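Excluded from the calculations below are hydrogen atoms, water molecules and symmetry mates; all remaining heavy atoms, backbone and side chain alike, are included. Throughout, protein chains are lettered first and strands after them, A, B, ... in sequence-line order, and every chain is numbered starting at 1. Since the structure is predicted, the reported quantities are computational estimates derived from the model, not experimental observations.
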Amino acid sequence: MGLTVTGYISSVIKTRACAPGSEAPGVSEERELANETTGSPVIYNPHTTLSIEKQRQRLPVFKHRNNILYLVESYQTVVIVGETGCGKSTQIPQYLLEAGWAAEGKVIGVTQPRRVAAISVANRVAEERGALIGHEVGYTIRFDDCSDPHATRIKFLTDGMLVREMMADPLLKKYSVLMLDEAHERTLYTDIAIGLLKKIQKKRRDLRLIVASATLDAKKFQDFFNLNETSDPSKDTCGILTVEGRTHPVDVFYTVSPVPDYVKATVETVLKIHESEDDGDVVAFLTGQEEVEKVVSMLQEQARTLSRYGMKKHLRVLPMYAGLPYADQMKVFERMPSSVRKVVVATNIAETSITINGIMFVIDCAFVKMRAYNPRTGIESLVVTPISKASACQRAGRAGRNRPGKCFRLYTEEDYEKLPPSTVPEMQRSNLAPVILQLKALGIDNVLRFSFLSPPPAQSMVQALELLYALGGLDQYGRLTDPMGVRMAEFPLSPMFAKMLLESGTFGCSKEIVTIAAMMQIQNIFLVPPNQKKAAAREHRKFAVAEGDHLTMLNVYEAFIKHQKNSQWCQDHFLNYKGLIRALTVREQLRRLMNKFKVPRNSSEGDPDVILKCIVSGFFANAARLHHSGSYRTLRDDRELHIHPNSVLYGEKPPKWVVFNEVVQTSKYYMRDVTAVESAWLVELAPHFYRQAKHGSLGSKRTKVF
DNA sequence: GAGCACTGC
């Protein structure tokens, strides 16, 4: 194929190393704190001779210390463009603390999009302050509150947790300053928090906000938060500051002509690197598990050939994707002997969620599998789309964390120029029902006029409002109902699940439903190792029941409990042990909420019908009937659907009526998590939604309420 | 016989 140098970008980079080797002689080993799968990792050197104080002063952010404090003093909001490796996440909260921003019991809050990042940054800051985590410095994430309501001065939390905190404390009174880290990622919760904080700031002039962002979005954030309506810049309420990073250059190479097959090209590029480049590990980005496994097996084949021909340096090829069993994931972090070159073939998980040290080469196919939402049909889909330029730079930067690196882009420079500058924010490509419910619960009456940093499509809002009305969470005026809507909003689940849980007591099956809801939150309960597909399928069949996936999940959970939560038992049956343990925790949290709302604890005692009816009470909007063609049609708008191949109902005698949790569109529209129901239940449990036609068929009312 | 990118409460 032949890679030709046609471009070089010296500003793509990235390492967050506190001290690059060149500046700290004798320091070669860096490791990550706390957890190697950390999201936004802080790297530090455990054997340094420098005191922590000296290390802190060497960070690029240090020389901006006074300026940052001045800006926070003078402006309500400060946008900080902190390049990778500048030390902003760990240092700025400490500067604020030292300057007295946490006096009189106030708290400095720092949000992160990911749990592991919140934990690892918190641990680092605690260590720098010579403190135990959970006192002066703490963190709060779902299922793990490691903070002290009285003692904690710097608190790290996920942005989702911050939104939850607003439900109990709408003005976030305990915080003096909030820093939104990684705001440029524009996750759903970051965007919700941003809109809400703007509102809070109008009522709390004393609340300071720091938005940490990438260069590209800084102006957008500044315009959004600047409340100055005059043309006098001295009245601006938002300041901006750029802090340079600690970066290693990454050479970027493009192909001379478009690549017809990036899977093949990935394999060829790895081999070419292996033949002609110096030492250094490789990460290749692909879009999904299937592509990853394909490249891994092709490369392993090649690696065997190479070693047969006596190639001195060995290739160790490892897959990496979220669905991979934990033990296999951990292999990508293992250090290799110098005679071995590690090649990690990964999905987008390696772009932000995990960081692997020692990567010198990146191969980027320019594509990603991304969630999309069709506001007209209300159907979500997973589509392979070209990445953005921002994403391409992020991927390239993965090569230069420890040393200068190289990035091989499997596309032409011309095609790179055609990529969109940044990724569409999640808010504009999501089902908004959960978002709207949250906003309503936070007292935002007119969600259509909520100040969104990037407003979602109006049609997405309408879909969400209609669904919430049908579920009884909103009344005909779009107001949150009490108690149903208020309670639904408290559940950390989608509104349909919340409704199902809240109704389960009246159906007499709350014990079963809470288990089903918890199990449905876990991805990949059934493990399918690529080389043991048959055996795995055989084991999984043992749990399958004719009613469908919901009761099958109930079966799995109950069997897990019956076998004393034994991990070996899980392994024998190809079940995800860690996932099941997580289901226990989720179940416990849901149970607590149900107790709070006095949902009776009861069991169907083996009667499946009440459980199925209860599922219908939440998921009636997701109903489909069997079509004579053999596929299904939605009841709402007669769209063609199919049973997902991972469903236990796939390939079985198809039930006449089904409800499902969600639809994913790949080659077709597939229903995931499907359960057989009776049409009479739909009419009985959602009479406002469905009517029985004279000849016995079922149609939807399509009530337009807004 | 076709298929699940990645987070978060």
Check: For the pair made of CG in A:L432 and P in B:dG8, what is the distance, rounded to whole Å?
Finding: 20 Å
Notebook entry, point to check: With sugar-phosphate meaning primed atoms plus P, OP1 and OP2, does A:L188 contact a base, only sugar-phosphate, or nothing at under 4.0 Å between heavy atoms?
Noted result: nothing
Notebook entry, point to check: Touch check for A:R371, heavy atoms < 4.0 angstrom, all strands: base, sugar-phosphate only, or nothing?
Noted result: base
Margin query: Does A:R639 qualify as a cation-pi partner of A:Y669, given the criterion of NZ or CZ under 6.0 Å from the six-membered ring centre and within 45 degrees of its axis?
Written below: no
Margin query: Between A:E185 and A:R114 (salt bridge meaning N to carboxylate O under 4.0 Å), is one present in this structure?
Written below: yes
Note to self: Closest approach to the side chain of A:A322, judged atom by atom: which nucleotide of B:dC6, B:dA5, B:dC9 is it?
What the structure shows: B:dC6
Next item on the list: Tell me whether the OP1 or OP2 atom of B:dC6 has a side-chain N or O from A:T347 closer than 4.0 Å.
Entry: yes
Check: For A:V528 and A:I349, take the nucleotide of DNA chain B holding the closest heavy atom to each; which residue's nucleotide lies nearer the 5' end?
Finding: A:V528
Note to self: Under 4.0 Å, counting only non-hydrogen atoms across every strand here, what does A:N348 touch: a base, just sugar-phosphate, or nothing?
What the structure shows: nothing
Notebook entry, point to check: Atom CD of A:E426 and atom P of B:dA5: how far apart are they, to the nearest Å?
Noted result: 17 Å
Next item on the list: Could you tell me the separation between the CG atom of A:D191 and the P atom of B:dG8, rounded to a whole number of Å?
Entry: 16 Å
Notebook entry, point to check: In whole angstroms, how far is the P atom of B:dG1 from the OH atom of A:Y670?
Noted result: 13 Å
Next item on the list: Please confirm whether A:R429 makes a cation-pi placement over A:Y373, using NZ or CZ under 6.0 Å from the six-membered ring centre and within 45° of the ring normal.
Entry: no
Notebook entry, point to check: Between B:dA2 atom C1' and A:L649 atom CG, what is the distance in whole Å?
Noted result: 16 Å
Check: Taking the side chain of A:Q289 as heavy atoms from C-beta outward, which of B:dC9, B:dC6, B:dA5 is closest to it?
Finding: B:dA5
Notebook entry, point to check: Taking CZ from A:F497 and C1' from B:dC9, how many angstroms apart are they, rounded to a whole number?
Noted result: 14 Å
Note to self: At 4.0 Å (heavy atoms only), tell me whether A:T158 reaches a base, stays on the sugar-phosphate, or touches nothing.
What the structure shows: sugar-phosphate
Notebook entry, point to check: Under 4.0 angstrom, heavy atoms only, what part of the nucleic acid is A:H644 near: base, sugar-phosphate, or nothing?
Noted result: sugar-phosphate
Next item on the list: Please work out if A:V664 contacts a base, only the sugar-phosphate, or nothing of the nucleic acid, heavy-atom cut-off 4.0 Å.
Entry: sugar-phosphate
Next item on the list: Count the heavy atoms belonging to other residues, nucleotides or ligands that lie under 6.0 Å from NZ of A:K199, then report whether that count exceeds 12.
Entry: no
Next item on the list: Please determine if a side-chain N or O atom of A:R164 lies less than 4.0 Å away from the OP1 or OP2 oxygen of B:dG8.
Entry: no
Next item on the list: Whole angstrom is fine here: how far is it from CG in A:N431 over to P in B:dG8?
Entry: 19 Å
Next item on the list: Please report, rounded to the nearest Å, how far the P atom of B:dC9 is from the CD1 atom of A:I192.
Entry: 13 Å
Margin query: Side chain of A:R114 only, heavy atoms from C-beta on: which candidate in B:dA2, B:dG8, B:dC9 is closest?
Written below: B:dG8
Check: How about A:F285 and A:F367: are their ring centroids closer than 6.0 Å?
Finding: no
